[in-house]
Amino acid sequence: MSDVAANLKSIQSDIEAVCAPFGHDPSTVTLVAVSKKQPDERIQAALDAGHRVFGENRVQEAYEHWEHRKGDYSDLTLHLIGPLQSNKTKEAVALFDVIESVDRLKIARKLSEEMKAQGRNIPCFIQVNTGEEEQKSGILPQDLPDFYKICVEEHGLDIQGLMCIPPIDEAPALHFALLKKLAEERGLKKLSMGMSADYEKAVQLGTTHIRIGTGVFGERPKS
Ligand SMILES: *Cc1c(COP(=O)(O)O)cnc(C)c1O
């Protein structure tokens with residue numbers, strides 16, 4: 001078995017172990033394997049192990065990794081998890097199956113226009129800047145009600161959930177709990193939270209998506 005296959009297996013059994021005492025159904029947790037900056041053979045190893053859900057944070061790199069493979073894997077699901085530049089909206093809508101990083105009004109509008117043009121209504125998550133960090137993208141918690149309303153009512157986006165990346169120097173559980181509360185207030189069922197270092201906590205709190213890069217593929221090679 002490849003390292004990647006073994007990692008996928010071990011994360012899956014971890015998810016099951018963490019879910020059990022909470023009575024969560026492990027099949028409600030989707031592992032988004034973050035393939036950014038990973039060598040092609042590791043990506044292929046994940047596919048060979050039967051994994052089909054992947055995350056990328058840059059549109060162009062996502063094309064390099066996935067455009068030639070889309071035809072071979074009809075059940076592939078690609079998540080955009082990084083900030084989208086408005087001039088890449090068309091390409092993003094053409095390639096991705098879920099946009100997790102809706103993070104500003106201009107992008108919400110552009111996504112809506114492009115989805116209409118391409119006849120694809122792709123499920124979206126709003127990225128929330130739970131730590132209110134200057135350098136991080138995402139909607140501030142206090143701005144979420146208005147932003148959500150505009151996304152849905154003005155732009156017709158299919159907002160299914162919320163995503164966050166907690167500050168590196170704070171306990172992630174507080175941010176996960178806040179994200180969950182914000183989602184529940186809007187009746188949103190999906191949460192994307194938890195990465196390699198903190199996914200167990202996110203699973204405990206009932207996340208539906210975890211985004212794991214190094215935990216699946218190993219360290220990203222320095223470019
Ligand atoms: C890179 C990335 C991840 C994965 O990080 P790891 O620590 O490698 O698991 C998750 N989410 C986002 C938004 C990322 O950019």
Side-chain angles (χ1 to χ4, degrees), residues 3-12 14-15 18 29-40 42-43 45-46 49 51-66 77-85 88 92 95-104 107 111 122-139 160-173 175-176 178-180 183 190-205 207-223:
D3 289 353
V4 171
N7 291 341
L8 283 165
K9 220 168 160 208
S10 119
I11 293 167
Q12 200 52 50
D14 238 37
I15 293 171
V18 175
V29 183
T30 299
L31 166 54
V32 179
V34 179
S35 45
K36 69 178 181 203
K37 299 204 175 81
Q38 293 288 353
D40 214 61
R42 295 188 194 162
I43 297 174
H51 199 77
R52 292 293 182 268
V53 186
F54 294 88
E56 292 280 351
N57 70 340
R58 291 181 54 245
V59 175
Q60 188 178 332
E61 191 190 355
Y63 267 84
E64 287 159 19
H65 284 163
W66 298 106
T77 306
L78 299 179
H79 289 233
L80 178 64
I81 61 170
L84 179 57
Q85 291 168 270
K88 296 275 167 56
L95 183 71
F96 287 100
D97 304 291
V98 179
I99 310 276
E100 292 197 20
S101 47
V102 180
D103 61 358
R104 56 199 195 276
I107 283 301
L111 279 170
I122 306 173
C124 292
F125 290 55
I126 295 172
Q127 182 174 349
V128 182
N129 186 356
T130 57
E132 307 193 19
E133 293 172 282
E134 200 77 47
Q135 79 284 8
K136 203 165 269 172
S137 45
I139 301 299
Q160 299 194 343
L162 303 179
M163 180 269 236
C164 77
I165 309 169
I168 40 172
D169 54 351
E170 288 181 29
H175 295 273
F176 296 162
L178 171 60
L179 195 74
K180 186 179 182 180
K190 297 195 177 166
L191 293 167
S192 174
M193 53 191 203
M195 318 201 325
S196 295
D198 54 19
Y199 71 88
E200 293 188 354
K201 187 48 84 180
V203 171
Q204 281 177 19
L205 289 167
T207 195
T208 59
H209 292 73
I210 53 179
R211 307 178 309 269
I212 305 193
T214 51
V216 169
F217 296 104
E219 289 297 326
R220 287 177 279 278
K222 305 261 182 295
S223 48

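Numbering of ligands and ligand atoms starts at 1, following listing order.
In plain terms, the two heavy atoms of H65 and S35 that are nearest each other are CE1-O, 3.2 Å.
Residues meeting the side-chain hydrogen bond (donor to acceptor under 3.5 Å, both in side chains) test with K9, sequence neighbours left out: none. The ring-ring contact (aromatic ring centres under 6.0 Å, His included) search around H79 returns H209, not counting sequence neighbours. In this structure, the side chain to side chain contact (heavy atoms under 4.5 Å, CB included) partners of D103, at least two apart in sequence or on a different chain, are P83, I107, Q127, S137.
Under a 3.5 Å cut-off, the side chain of K180 and the backbone N or O of L205 do form a donor-acceptor pair.
With values rounded to the nearest 0.5 angstrom, T77 atom OG1 is found 5.5 Å from D97 atom CG.
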Are there any protein N or O atoms under 3.5 Å from the N or O atoms of ligand 1? List them with distances, or say none.
unit_1: ligand 1; atom_1: 8 (O); unit_2: T214; atom_2: N; d: 2.9
unit_1: ligand 1; atom_1: 8 (O); unit_2: T214; atom_2: OG1; d: 3.3
unit_1: ligand 1; atom_1: 8 (O); unit_2: R220; atom_2: NH1; d: 2.8
unit_1: ligand 1; atom_1: 8 (O); unit_2: R220; atom_2: NH2; d: 3.2
unit_1: ligand 1; atom_1: 9 (O); unit_2: S196; atom_2: N; d: 3.1
unit_1: ligand 1; atom_1: 9 (O); unit_2: S196; atom_2: OG; d: 2.5
unit_1: ligand 1; atom_1: 9 (O); unit_2: G213; atom_2: N; d: 2.8
unit_1: ligand 1; atom_1: 11 (N); unit_2: R211; atom_2: NE; d: 2.9
unit_1: ligand 1; atom_1: 15 (O); unit_2: K36; atom_2: NZ; d: 2.7

